Number of protein chains: 2
Amino acid sequence: MVDYPTLLQRFTELLRNQNLKFTRQREAILRTLHETDDHLSPEEIHRLVARQNPDLNVGIATVYRTLALLESAGLADSISFGKDGKKYEIGLKKHHDHLVCTECGTIIEFTDDVIEARQEAIAQAHNFRMTDHTMKIVGLCADCQPKA
Amino acid sequence: MVDYPTLLQRFTELLRNQNLKFTRQREAILRTLHETDDHLSPEEIHRLVARQNPDLNVGIATVYRTLALLESAGLADSISFGKDGKKYEIGLKKHHDHLVCTECGTIIEFTDDVIEARQEAIAQAHNFRMTDHTMKIVGLCADCQPKA
DNA sequence: CTTGATGCAAAATATTTGCATGCTC
DNA sequence: GAGCATGCAAATATTTTGCATCAAG
């Protein structure tokens, strides 16, 4: 996991480069994403930020706007699972993929060098300039499998 | 690609098993998905079905209901990326993954045995019973890359 | 005939946008 | 002070649902 100071620095640089402003709302959203270190929907993020910053009165629109900003800058990633809509997590983690349990919704992250390398090779073979990739394995986690 | 008679047979079996009815609307949607052999949003599917079946007057709600039915039965798969929302394609293809161009939206399908095998191994390592998996590589396709 | 399916429109969600005001820089 | 950001509410967009009617089995 990236440490917060580093993340914050990347964020302020990004803002400066684009002549955007560093606001308490934006920082609160970034911090919440970092602290939670989990996959959150925009509404969940909004609720958490509002709870942790009762004085700010953050609007849902700002959450959407900030998430879009963070995502386009690579500081946040989104992933969507079926009906549950789009969820965000902090970016700058080591690249990883996901195992998703269809029963309980648990998300497990993993990394696999063989797959990483293979993805790069495939992108090249198709003349793609890869900017990102995601892999998702869905199934039943150990706890949710019917006992043999 | 699966041939249509086979697909249709699977569909009728599915309907029979669940005491559901075989309607012209449902068939029209299945056929459109099969003929197009591409990734379509619910609205696109609705438009195509309506155009090809002017006599049916298919409602968007029926498209959503049918897509959900097809997806849960494995006869259709959905994939979502970025702002463009969820898109559907016919199921029963050989398993494949996707390369998505973020610029023009082009979707290229590919298969890779190394990755397939690896996914299986990873699921086992986490005690997951894998029911499905998807991989998506996003980037810029050959046409959309800035010319060196 | 019986029961599920459909179309329509309304409802429920989700996301985006316009605008007056407030805050960074 | 200038200009971007915010909150709010309205506008859109996307899906789902209730219900009377229709049609498959």
Side-chain angles (χ1 to χ4, degrees), chain A residues 8 11-32 39-47 49-73 75-76 78-88, chain B residues 8 11-32 39-47 49-73 75-76 78-88:
Chain A
L8 188 55
F11 189 44
T12 55
E13 281 170 13
L14 154 72
L15 293 175
R16 200 174 319 122
N17 291 337
Q18 299 187 34
N19 273 319
L20 301 178
K21 290 169 181 171
F22 182 80
T23 64
R24 298 188 55 201
Q25 288 79 342
R26 283 176 174 163
E27 211 227 315
I29 291 167
L30 183 72
R31 185 196 304 277
T32 293
H39 303 76
L40 302 170
S41 67
E43 303 85 67
E44 286 170 330
I45 294 168
H46 181 229
R47 204 177 321 126
V49 169
R51 187 181 310 157
Q52 295 172 358
N53 306 75
D55 53 320
L56 274 190
N57 201 356
V58 180
I60 185 75
T62 296
V63 173
Y64 275 102
R65 287 187 278 232
T66 302
L67 288 174
L69 174 64
L70 290 173
E71 185 170 17
S72 70
L75 294 184
S78 69
I79 171 179
S80 62
F81 313 101
K83 305 252 165 193
D84 295 339
K86 213 173 194 180
K87 301 206 169 179
Y88 290 82
Chain B
L8 188 55
F11 189 43
T12 55
E13 279 170 14
L14 153 73
L15 294 174
R16 200 173 320 122
N17 290 338
Q18 298 187 35
N19 273 322
L20 301 177
K21 289 169 182 172
F22 181 81
T23 64
R24 297 188 55 202
Q25 288 76 342
R26 284 178 173 162
E27 212 227 315
I29 291 167
L30 182 72
R31 184 195 306 277
T32 293
H39 303 77
L40 302 170
S41 68
E43 304 84 70
E44 288 170 328
I45 295 169
H46 180 228
R47 205 177 321 126
V49 170
R51 187 181 309 157
Q52 295 171 357
N53 306 75
D55 52 320
L56 274 191
N57 202 354
V58 180
I60 184 75
T62 296
V63 173
Y64 275 102
R65 287 187 279 231
T66 302
L67 287 173
L69 174 64
L70 290 173
E71 184 170 18
S72 71
L75 295 184
S78 69
I79 172 180
S80 64
F81 68 96
K83 306 248 164 196
D84 295 339
K86 213 173 194 181
K87 302 205 171 181
Y88 290 82

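Every chain is numbered from 1 and lettered A, B, ... according to where its sequence line falls, protein lines coming before strand lines. Remember, it's a predicted structure, so these values are computed and weren't measured experimentally.
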First encountered from the 5' end of DNA chain C, between B:A61 and B:L15: B:L15

Length of the CD-P vector between B:Q25 and D:dT21, whole Å: 18 Å

The single option from A:L67, A:I60, A:T32 passing side chain to side chain contact (heavy atoms under 4.5 Å, CB included) against A:H46: A:I60

Separation of atom CZ in B:R26 from atom P in C:dG7, rounded to whole Å: 11 Å

Atom-pair distance (CD on B:E27; C1' on D:dA23), nearest Å: 16 Å

Between D:dT14 (P) and B:Y88 (OH): distance, integer Å: 13 Å

Options D:dG25, C:dT24, C:dC8, nucleotide nearest the side-chain atoms of B:N57: C:dC8

Heavy-atom side-chain contact between B:I29 and B:R26 under 4.5 Å: no

Integer-rounded Å distance: C:dA5 C1' and B:L69 CG: 11 Å

Contact nearer the 5' end of DNA chain D, comparing B:K21 with B:E43: B:E43

Student check: side-chain heavy atoms of A:V63 and A:V49 closer than 4.5 Å: no

Proximity to the side chain of A:L20 - top-ranked nucleotide from C:dA5, D:dA5, C:dA9: D:dA5

Worked verdict on A:T66 versus A:I45 for side chain to side chain contact (heavy atoms under 4.5 Å, CB included): CA-CA 11 Å; A:T66 302; A:I45 294 168; over 6 Å; no

Check: A:L14 and A:Q18 side chains under 4.5 Å, non-hydrogen atoms: yes

B:Y64 side chain, from C-beta outward: closest of C:dT15, D:dG7, D:dT14: D:dT14

Atom-pair distance (CD1 on B:I29; C1' on C:dT6), nearest Å: 11 Å

Out of C:dT6, D:dT16, C:dC25, whichever nucleotide has its closest atom nearest the side chain of B:T23: C:dT6

Rounded distance (Å) that lies between atom P of D:dT14 and atom NE2 of B:H46: 14 Å

Sugar-phosphate only, base, or nothing, as touched by A:L56 at under 4.0 Å among non-hydrogen atoms: sugar-phosphate

Atom-to-atom span, CD1 of A:I60 to P of D:dA5 - whole angstrom: 18 Å

Distance-only donor-acceptor test, B:R65 side-chain atoms vs C:dG7 base atoms, 3.5 Å: yes

Shortest side-chain distance from A:T62, nucleotide among D:dT6, C:dC8, D:dA9: D:dT6

